Amino acid sequence: MGHIHIVLFATLDLVGQAPGGPDEDPQGFPFGGWQAPLLDEVAGAQVGAAYEGTDALLLGRRTYDIFAGYWPHQEGGKDNGFATLFNSIPKYVASRGRPDLSWAGSTQLGPDLAGAVREIRDRHENVKVVGSLNLVQTLLREKLFDRLDLWLHPIVLGVGKKVFDDGAVPTNVTLLAPPVASSKGTVYLRYGLADGTPATGDMSAPDRGAGSDS
């Protein structure tokens, strides 16, 4: 069985909407493109490394349309590495509508999204989910992910779609590697899905080991 690997860029208040540009998802959101001023070589290298070994993309409709309109025309340019990868591997799009699937290797998923994602995970080794916040909400609720790469950027927006919405379910994750900060203050966090649900405790309870005579 392969892995479903979510890649997300978020602000400190966990807004993940339209990091890439002002036209990405502009409805009711005035901060499209908020990530661009915070990019540096460290963060760029981290993102590049996160895509190593990718053999399929799983995308929501909005992100798919953006990618399909951009990446087929980028081979040979400054983003040739990403373009060559994205253009050559299968793309799966989650949509209730009728997307244009002219981007080579594209397939629309059926209405049973959870079942389709499980089939994709069985078919591929390393499936990347990029952006696609509505799709991500479903994957988080269903615990249909194996790894979550989250870049936290040093800004607070106060508005916008969040990484975790009100339908999030209690979930444990485990840190896969020490956090890494870029020169501009972006922190890269790598988490894996863990068993069980969050535990609780009582911080006011006395430490039974402190002051023991044993």
Side-chain angles (χ1 to χ4, degrees), residues 4-51 57-67 70 82 94-95 113 117 127-194 196-201 203:
I4 303 294
H5 180 176
I6 299 172
V7 175
L8 285 176
F9 308 104
T11 64
L12 284 185
D13 52 340
L14 291 181
V15 172
Q17 185 172 354
D23 299 324
E24 189 173 315
D25 187 5
Q27 187 171 2
F29 186 66
F31 295 109
W34 54 263
Q35 184 188 23
L38 298 170
L39 285 175
D40 60 18
E41 290 185 2
V42 172
Q46 292 168 349
V47 173
Y51 283 99
L57 291 175
L58 173 59
L59 306 170
R61 169 67 182 272
R62 188 184 299 275
T63 301
Y64 173 81
D65 286 344
I66 293 170
F67 276 29
Y70 180 79
F82 284 119
S95 175
L113 180 59
V117 171
V127 181
K128 289 294 189 300
V129 183
V130 188
S132 307
L133 284 181
N134 292 335
L135 169 62
V136 166
Q137 304 306 323
T138 299
L139 300 179
L140 294 175
R141 284 193 296 270
E142 298 287 339
K143 297 189 179 181
L144 276 174
F145 72 98
D146 302 282
R147 176 172 162 179
L148 170 62
D149 281 21
L150 183 63
W151 280 263
L152 285 180
H153 296 73
I155 53 173
V156 174
L157 298 181
V159 295
K161 298 176 183 176
K162 297 292 187 71
V163 171
F164 302 99
D165 66 7
D166 292 337
V169 299
T171 303
N172 284 331
V173 296
T174 184
L175 193 65
L176 298 177
V180 180
S182 74
S183 61
K184 294 189 176 181
T186 298
V187 178
Y188 175 33
L189 300 164
R190 283 169 280 181
Y191 291 109
L193 180 65
T197 55
T200 61
M203 295 293 290

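Because the structure is predicted, anything quoted here is derived from the model rather than measured.
Not a single donor-acceptor pair under 3.5 Å links the side chain of H5 to the backbone N or O of V127. Side-chain N or O atoms of K143 include none that pairs as donor or acceptor with a backbone N or O of V169 at under 3.5 Å. For Q137 (side chain) and V163 (main-chain N/O), a donor-acceptor pair under 3.5 Å exists by modelled atom type. The closest donor-acceptor contact from the side chain of E24 to the backbone of R62 lies at 3.5 Å or more, if one exists at all.
The two residues R61 and S95 come nearest to each other via the heavy atoms NH1-OG, 3.4 Å. Listed here is the closest heavy atom pair of L157 and V15: CD1-CG1, 4.2 Å. In terms of heavy-atom proximity, L59 sits nearest to F67 at CD1-CD2, 4.0 Å. In terms of heavy-atom proximity, V159 sits nearest to P30 at CG2-CD, 4.2 Å. Residue P179 comes nearest to V187 through the heavy atom pair CB-CG1, 4.0 Å, listed as atom of the first residue, atom of the second, then distance. In terms of heavy-atom proximity, P170 sits nearest to T197 at O-CG2, 3.7 Å.
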Exercise for review: Step by step, work out the side-chain contact (heavy atoms from CB on, under 4.5 Å) result for L140 and T171.
Suggested key: CA-CA 9 Å; L140 294 175; T171 303; over 6 Å; no

Practice item. Kindly indicate, with the supporting measurements, whether the criterion side-chain contact (heavy atoms from CB on, under 4.5 Å) is fulfilled by Y188 and V42. Key: CA-CA 10 Å; Y188 175 33; V42 172; over 6 Å; no

Practice item. Check the pair T11 / W34 against side-chain contact (heavy atoms from CB on, under 4.5 Å), numbers first and verdict last. Key: CA-CA 9 Å; T11 64; W34 54 263; 4.0 Å; yes

Practice item. Check the pair L133 / L8 against side-chain contact (heavy atoms from CB on, under 4.5 Å), numbers first and verdict last. Key: CA-CA 9 Å; L133 284 181; L8 285 176; 4.0 Å; yes

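Of the inter-residue distances, the one linking D23 atom CG with I66 atom CD1 reads 9.0 Å to the nearest 0.5 angstrom. Here the CG-CD distance, from L113 to E142, works out to 8.0 Å after rounding to the nearest 0.5 Å. Taking CG of L38 as the start and CG of L152 as the end, the distance is 12.0 Å to the nearest 0.5 Å. Summarising the geometry, atom CD1 belonging to I4 is positioned 7.5 Å from atom CG belonging to L144; distances are rounded to the nearest 0.5 Å. The distance from the CZ atom of R190 to the CG atom of L175 is 8.5 Å, given to the nearest 0.5 Å. Taken to the nearest 0.5 Å, the CG atom of L150 stands 9.5 Å off from the NE2 atom of H153.
With salt bridges taken as basic N to acidic carboxylate O contacts below 4.0 Å, none links K128 and D149.
When side chains are defined from C-beta on, L148 does not count as touching V173, because their heavy atoms never get closer than 4.5 Å. With a 4.5 Å cut-off on side-chain heavy atoms, V130 and Y51 count as touching.
Note on ring orientation: taking the six-membered ring where Trp is involved, the planes of F9 and W151 are tilted (angle from 30° to 60°).
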